[in-house]
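In what follows, a single structure is set out as structure tokens and then discussed.
Here is how names work: the chains are called A, B, and so on, in the same order as the sequence lines, proteins then strands, and each is numbered from 1. Source: prediction; values computed, not measured.
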2 protein chains.
Amino acid sequence: MASADQEKSEHAGIDGARARVRMKVPSVAERVAEELRYQLAEGFLVPGAKLTEATIAEDLGVSRNTVREAFAELAGERLLLRQPNKGVFVATLEAGDIHDVYTVRRAIEVSSIRAGGSPDRIAAVRAAVEEGKRAAEANDNEGLGSANQHFHGAIVALAESNRLNTIMAQILAEMRLYFHKATMNAHFYSDWLKENEQICSALEAGELERAGDLLLAYLNRSEQQQSAIHGE
Amino acid sequence: MASADQEKSEHAGIDGARARVRMKVPSVAERVAEELRYQLAEGFLVPGAKLTEATIAEDLGVSRNTVREAFAELAGERLLLRQPNKGVFVATLEAGDIHDVYTVRRAIEVSSIRAGGSPDRIAAVRAAVEEGKRAAEANDNEGLGSANQHFHGAIVALAESNRLNTIMAQILAEMRLYFHKATMNAHFYSDWLKENEQICSALEAGELERAGDLLLAYLNRSEQQQSAIHGE
DNA sequence: TTTCGCTGGATTGTTCAACGATCCAGCGAT
DNA sequence: ATCGCTGGATCGTTGAACAATCCAGCGAAA
């Protein structure tokens with residue numbers, strides 16, 4: 001997933017530059033999973049929809065067993081729900097799930113920002129803020145959404161933890177699925193543009209406590225908004 | 001996994017008591033995964049060991065494809081590592097992994113305890129503390145270990161978040177694998193018995209900030225100890 | 001009419017056998 | 001000692017098969 005598994009080039013000695021690139025040839029199952037992830041994020045597959053093994057297998061021109069593996073992976077990421085002997089379905093938002101998701105985000109995002117981060121990582125946060133501004137100017141609604149995700153991803157990346165990064169990546173994938181573009185209008189993006197700016201500034205100034213408080217407040221408000229939209 | 005999916009009996013009305021029990025018949029793949037998880041936790045399978053599909057399949061009397069599914073699941077939990085075309089191996093501790101694991105624990109455990117919890121959940125924390133005391137009296141080294149895991153699991157459970165619970169369960173499974181009994185002598189358990197007591201008391205007294213600080217200090221020290229043991 | 005029970009069709013869960021692709025150890029030639 | 005080849009083992013993927021399970025529809029009974 002967001003695996004930063006890049007083989008570090010390890011300062012090859014004078015005795016020769018051995019190639020360190022690992023040609024990435026994702027397995028077929030992996031590519032199927034990737035394709036499904038894409039379709040989920042893009043809203044092609046809506047929550048609750050049933051995915052039939054044979055159909056997907058034929059559509060993508062792969063074996064049913066391969067599809068099965070991809071399903072298993074996505075089910076592990078909570079994007080699909082497996083109901084034994086009935087089939088797999090696109091995950092749906094159950095009661096309490098919104099609070100649950102935001103509980104995780106509060107835990108890892110606030111914790112990450114409170115610990116600060118290297119200048120590079122902070123610069124990445126700043127970059128996400130600017131990306132948002134540009135998207136706003138261009139009236140690019142789509143771009144606004146991904147800029148915001150980049151922003152929060154960059155905050156978690158401050159902690160330099162692979163595990164936290166993948167957890168956050170999964171949470172963001174869930175949110176893309178549940179809170180799809182349809183539910184996100186421009187009005188929604190009104191507040192947090194300047195809010196992200198504030199958080200980022202506080203971070204750059206080393207005011208970590210304040211940055212954490214601002215972020216926490218944002219997450220709480222965001223949860224409220226989402227809860228209000230999705231059936232109370 | 002740690003899915004608390006129990007169908008809540010929902011206060012069946014007078015019109016009849018419809019059965020709400022969902023007979024759990026885990027699929028074969030699930031049972032294979034469970035068996036492997038057990039062997040990993042028990043130290044039967046040591047880090048770095050290679051797991052050959054055909055061998056496992058024959059040993060457990062299932063098909064190779066089924067083993068494959070189980071492997072995929074465990075790889076998703078970071079207990080196994082899949083190397084394309086080479087095989088799957090029991091995960092090994094890479095440089096930085098210890099810090100990584102503890103970064104996650106700091107994020108979710110401290111966040112959970114700082115938010116407090118219902119009396120029931122707090123009682124569960126207390127129960128884990130007492131469980132540890134009893135194990136200490138009985139000189140039950142094994143019991144001490146699981147009591148500690150129950151303690152930290154109960155802390156995360158304060159947040160009432162399914163997602164946090166499963167994340168924590170996975171982290172604990174990783175720790176069982178890496179920091180196996182062999183590396184845990186009685187000397188190791190010396191400190192935290194009274195420390196858990198303190199944390200729990202602070203929690204019960206509603207001194208959440210202090211409880212969080214104590215927990216954070218413990219985690220930092222624990223990370224240091226583990227780092228010292230496992231090659232610097 | 002409503003309920004019950006059955007049956008047929010569709011889909012899943014699992015197994016098996018096969019084949020190409022890839023890796024690895026060994027061995028011989030340079 | 002290095003290089004290159006080769007054979008065997010294992011993985012990745014496929015396709016087909018069959019039992020188990022679920023679901024909708026339909027007819028029989030209350």
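- Side chains of A/Arg68 and B/Asn65: no donor on one and acceptor on the other come within 3.5 Å.
- In this structure, B/Glu58 places its CD atom 11 Å from P of D/dT10, rounding to the nearest Å.
- Considering only side-chain atoms of A/Ser63, the nucleotide from C/dG13, D/dT14, C/dT14 that sits closest is D/dT14.
- Nucleotides of DNA chain D nearest to A/Gly61 and A/Arg64 differ in position, and the one nearer the 5' end is that of A/Gly61.
- Remark: P of D/dC11 and CD of A/Glu69 are 13 Å apart, rounded to the nearest angstrom.
- Side-chain atoms of A/Glu35 and A/Gln39 form a donor-acceptor pair, as typed in the model, at a separation below 3.5 Å.
- In this entry the distance linking CZ of A/Phe71 with P of C/dT12 reads 8 Å, nearest Å.
- Side chains of A/Glu94 and A/Thr92: a donor-acceptor N/O pair is present below 3.5 angstrom, by distance only.
- For the OP1/OP2 pair of D/dG12 and a distance below 4.0 Å, the side-chain nitrogens and oxygens of B/Arg68 include at least one atom meeting the criterion.
- OP1 and OP2 of C/dT22 both lie 4.0 Å or more from every side-chain N or O belonging to B/Lys86.
- Note: CD1 (A/Ile56) to C1' (D/dT13) measures 18 Å, nearest angstrom.
- Within the model, atoms NE2 of A/His152 and CD1 of A/Ile155 stand 6.0 Å from one another, a figure rounded to the nearest 0.5 Å.
- The residue among B/Thr52 and A/Asn65 whose nearest nucleotide of DNA chain D lies closer to the 5′ end is B/Thr52.
- Proximity of B/Thr66 to the phosphate of C/dG13: no side-chain N or O atom is located under 4.0 Å from OP1 or OP2.
- Between B/Gln83 atom CD and C/dC24 atom C1' the separation is 13 Å, expressed in whole Å.
- For the pair A/Asn85 CG and C/dT14 C1', the interatomic distance rounds to 11 Å; values are reported in whole Å.
- Taking atom CD on B/Glu53 and atom P on D/dT13, their separation rounds to 11 Å, with Å as the unit.
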